[in-house]
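Just below is one structure, and these are the notes that go with it.
We use all heavy atoms of the structure for the numbers below, so side chains are in, but hydrogens, waters and symmetry mates are not.
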Amino acid sequence: MSTFENPRPDSGELLETMVSRLLQGESLAAFSDWFASPDGPLATVAPRTDPLGARAMARALWAAVPLPQNRWRPRGLPKLERNDPCYCGSGRKYKHCCAAWADLPLPIEPEMLMALAIQHAPPQALDLGNLRTLPPHALAQAAMFWMEQGRPEQVERVLAPLFEQAEGLDERHEPAFDILMDALQALGQQTRRLALARRIGQSRDKALAVAALGREVSMLADQGDYRGAWAVFKQAQRAAPDDPQLWHLELVTLLAEGRADEARLRGPLLAAKARRGGFDELALVLQDLAEHGLQAAYEHMAEDAGGFDAESTRDWLALCAQVPDTLDADAVRAAYRIETQGTARRTARPQADAAKALTAGMRWLRVRPARALAALERRWQRRFPVDKPMSTQLLGDAEALIEDAFWAAEFLRLSPEGWMSVQVLDDLLLAAQERVRMDESAADLQAAWRLAEHALRLLHALWHTVPDAASARQARLGAEWAHAGTQPLLRLLAQVIDLGHACQRDVLALAEWGLALNPVDNHGWRAQVTDAYIAQGRAADALALLDQYPNDWPPAQHRRALALYVLGRPDEAAAVLAQAHAEYPAFMQALWPDMLDVPEAEQGPGMRLGGSLAAYDYRVETRADWVRTGALAWARSLALPVKPARKTSAATRKRAAPKGAAGMSNLLAGGTGAHDLALPESARQHLRRHSDWPRLHGFLAALAWAPDLVMPGRWLPGVLDWRTNALPKTQAAQLKAINADVDAIMRLYNSLNAPLANAQAGMAMPLPAPALAQALGTEEGGAVPDEAWHTWAAGFVQGAELSAAGWRRLGHPLQAKPLRRAGAASTSASAFMVLHALAARAPRAVAGDEPAWQPVQDDGQPLLLGLDDTPQTVPLADQIQGALNLLWPSVLAARLARQSAFGGAAIQFDSFSLD
């Protein structure tokens, strides 16, 4: 007899198919034929299974799966006698054929089969009458399956009727109750959750009642009603004084209320109680809570989370373990050029009056790597391409870096000066953010925070003149997001603050520093800092911060009213709150109820200003402070006026949109924007006279073709430095010249992007050689010089480097040599290999005071390929045409996918004007 291999019980596809066929009433013969066939489920799961063994297993499963039409009982099979004909059809007696498989154990426990049957049962089989006959543990397991599949509405539909009344329920139903509570939370049905907890809290079964009372305690504490939470806790404690879940709940509630000193005193006593009861692991958790606060609870909850394979996780953690414990500040400053300027050099749009007031008199920091570190960063970015976030966003695409964590660690081991690089740390923190979003394990959180702490050391070394918020405000020294070189520095600080929230760290001082460096506050830290001040009893500091933003978005005035009330100025607070409530009543209406459901999603992009979702977020962030300070009870006593509601949410959204968002709103709406997409002849002549025209044309062509949207803020400041003619001497004339440059550049970009804006499947490549030759030809219409073709290729490669991760994702890595593996990747490498070879022949780019760009090899060394005197047998135009033809199918597919995501919107940017 052949060896039989049990199939893996976690084979989801096998279980799904198997249970579905059985619940549909498939006959034993048909099920056995499918199960044991060469193309059946065992062919891949257990390929060496004996066919007779497979049929025996199919027979056992067919008999063991409970069926709703059979009152949720297995149907079984008649017993076969030893001398009966064998069921397999061999013609032999059963004892001489398949009797050897008679005692074959089921690969799945009967309890799990019941849960699987419930999971896949038709809706009519899960009515209340059936539910009360089902094993509670199997029902809970099926509900857990639904939650793992992202189907909380199914959990609510099936389980809610079971818990409508507490009669007939006992401690066996506690797991199902917990999952139903989680499902209602996922659905945002907070009022139903509270009603359910209170109803089940009256159950006659002590264990089930205490579980429900514990849920009610947590919900009340989350809403800031600590008095009510402790009253319910005492009720649960009287019912079950030695219930272990109450020990944990007591400490968590103390910490949530800010009573950390009491928690530190109470923790060791509860931990000792847990050890006496034999709960050693719980004792460790309680001790950690007492010593380290809610951060310990968060880490324990995250320990079981997963999202990456073991090898990837090991490599990533090993990379983070290499982070140096110290940093030589002098060496860091020697590796950079640190400058200050009296005013911001240029901005994308005129700042609002409030922003101007905030930044008036500030000197601006500008930090750039010196030549050696810049070369290292280029090598790093070519080897580990990362899609940087747009503008002030913090989430990029660092998948390639995560996958190559082992080689990234080798890179930094061989080039440890990389730990001084802002760009390297920026990429590593983007990767850490991505891992933390997918895998909130304690190890990943600790690794992310280790990187964050090193990034802080780097920031302090570079901004040594402003090491903290106080000195930054005093020195009036800041940094601007509009400058491409400083943007990664500010993003480092923003990422550290964001990761600090994820790791449950106190980041108030960092947010204060961020506001001092960047008073315009691109990330809304002022709201977080204001709320933190009020929570800490620093209402005067909160009011001073609010005064710096007098015309801020709501609910800023609600925060002001709260701060004034806490300061003992109720008359002023009432006046402020009355005016704020008249304009935006949703905020107080969201604060007043003891429990509030999550509002329905709003239509359109963004969040409606003063709408129900914004009000709900404010409730979550601050209701505890309103309750604790007595301000909520005071506000109830006021006769607050209410103006008529705004007519449409769309109009409110339009009024609330920042002025600088006009270009992107046109993009999303598919509008034509401020000007035509065609390139006017005046703009063409302007760029020919004042810029490196072939390089600029190639650079913007690469941006138009980029797999990902590359925002102008990333490349426009650098491109402006390509001006070949000196600017005028007077400030007014300089501003006029720069505005003309920007307008012409954006018109050229839009003209190159126009053919792709409404791309159609199967369209031809939009840069054929004749059209490109006409664009690059001399003003007199003469032939294109070889140097122009080389320079155009250099511009294209330089522009493609801004979307290196996207090109790699499409199978077109920016390599100067062919890949060693065959297939599509080798073809893509040959496209950029051609472009790199042509770019190597181009003269150096004009770069102002920045290091001149040049194509480099895959190891970061200067690319010399193509500099010999070997005659070119293929015309340069045909070489570029061939390379673009290889790239075009992937570019078209990416653009069609982007069009689908944006609803077919044309992609265009308005021209910019400068202060």
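To the nearest 0.5 angstrom, Gln433 atom CD is 4.0 Å from Leu499 atom CG. Here the CG atom belonging to Asp404 is positioned 12.0 Å from the CH2 atom belonging to Trp316, to the nearest 0.5 angstrom. To the nearest 0.5 Å, atom CG of residue Leu887 and atom CG of residue Leu835 are 6.5 Å apart. A distance of 11.0 Å separates CG of Leu490 from CG of Asp426, quoted to the nearest 0.5 Å. Glu410 contributes atom CD, which lies 10.0 Å from atom CG of Leu412 (distance to the nearest 0.5 angstrom). With rounding to the nearest 0.5 angstrom, the CG atom of Asp721 is 10.0 Å from the CG atom of Leu716.
Residues Ala432 and Leu451 approach most closely at CB-CD1, 4.1 Å, considering heavy atoms. Residues Ser803 and Val710 come closest through the heavy atom pair CB-CG2, 4.3 Å. Residues His790 and Ala842 share a closest heavy-atom pair of O-CB, 3.5 Å. Closest approach of Ala502 and Leu445 over heavy atoms only: O-CD2, 3.9 Å. Here the shortest heavy-atom pairing between Leu810 and Ala894 reads CD1-CB, 4.1 Å. When all heavy atoms are compared, the tightest approach of Ala398 to Leu430 is CB-C, 4.1 Å.
Judged by distance alone, the side chain of Gln322 and the main-chain N or O of Ala409 form a donor-acceptor pair under 3.5 Å. A donor-acceptor distance shorter than 3.5 angstrom exists from the side chain of Asp521 to the backbone of Trp525, with no hydrogens or angles considered. Using modelled atom types, no side-chain atom of Asp444 and backbone atom of Arg435 make a donor-acceptor pair closer than 3.5 Å. Side-chain atoms of Arg382 come within 3.5 Å of backbone N or O of Leu814 as a donor-acceptor pair. Arg457 places a side-chain N or O within 3.5 Å of a backbone atom of Pro324 that can act as its donor or acceptor partner. Under the 3.5 Å distance criterion, the side-chain polar atoms of Tyr336 are matched with a main-chain donor or acceptor of Met420. Within the 3.5 Å criterion, the main-chain N or O of Cys320 finds a donor-acceptor partner in the side chain of Arg450. Gln423 contributes no side-chain N or O that, together with a main-chain N or O of Glu377, makes up a donor-acceptor pair within less than 3.5 Å. For His454 (side chain) and Trp419 (main-chain N/O), a donor-acceptor pair under 3.5 Å exists by modelled atom type.
The aromatic rings of Trp380 and Phe411 sit perpendicular, their planes meeting at an angle over 60°, well past the 30° parallel limit. Ring orientation note: the planes of Trp807 and Phe796 are tilted relative to one another, at an angle of 30° to 60°.
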(request) Dump the intermediate steps for side chain to side chain contact (heavy atoms under 4.5 Å, CB included) on Leu517 and Leu489, then the final yes or no. (result) CA-CA 11 Å; Leu517 288 170; Leu489 283 161; over 6 Å; no
(message) Please determine whether side chain to side chain contact (heavy atoms under 4.5 Å, CB included) holds for the pair Leu767 and Trp888, giving the CA-CA distance in whole Å, both sets of side-chain angles, and the decisive distance to 0.1 Å.
(response) CA-CA 10 Å; Leu767 282 178; Trp888 173 244; over 6 Å; no
(request) Start with the C-alpha distance between Leu884 and Val891, add both sets of side-chain angles, then the distance that settles side chain to side chain contact (heavy atoms under 4.5 Å, CB included), and finish with yes or no. (result) CA-CA 10 Å; Leu884 295 181; Val891 172; over 6 Å; no
(request) Could you check Leu456 against Leu510 for side chain to side chain contact (heavy atoms under 4.5 Å, CB included), going step by step and ending with a plain yes or no? (result) CA-CA 9 Å; Leu456 282 177; Leu510 297 178; 3.6 Å; yes
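At least one side-chain heavy atom of Leu428 sits less than 4.5 Å from a side-chain heavy atom of Leu401. Between Arg695 and Gln798, some side-chain heavy-atom pair lies under the 4.5 Å cut-off. Looking at Leu425 and Val422, their side chains never come closer than 4.5 Å, going by heavy atoms from C-beta outward.
With 3.5 Å as the limit, one finds no donor-acceptor pair spanning the side chains of Gln381 and Lys388.
When each of Trp792, Trp722, Trp705 is paired with Phe699, the ring-ring contact (aromatic ring centres under 6.0 Å, His included) condition holds for Trp722 and for no other.
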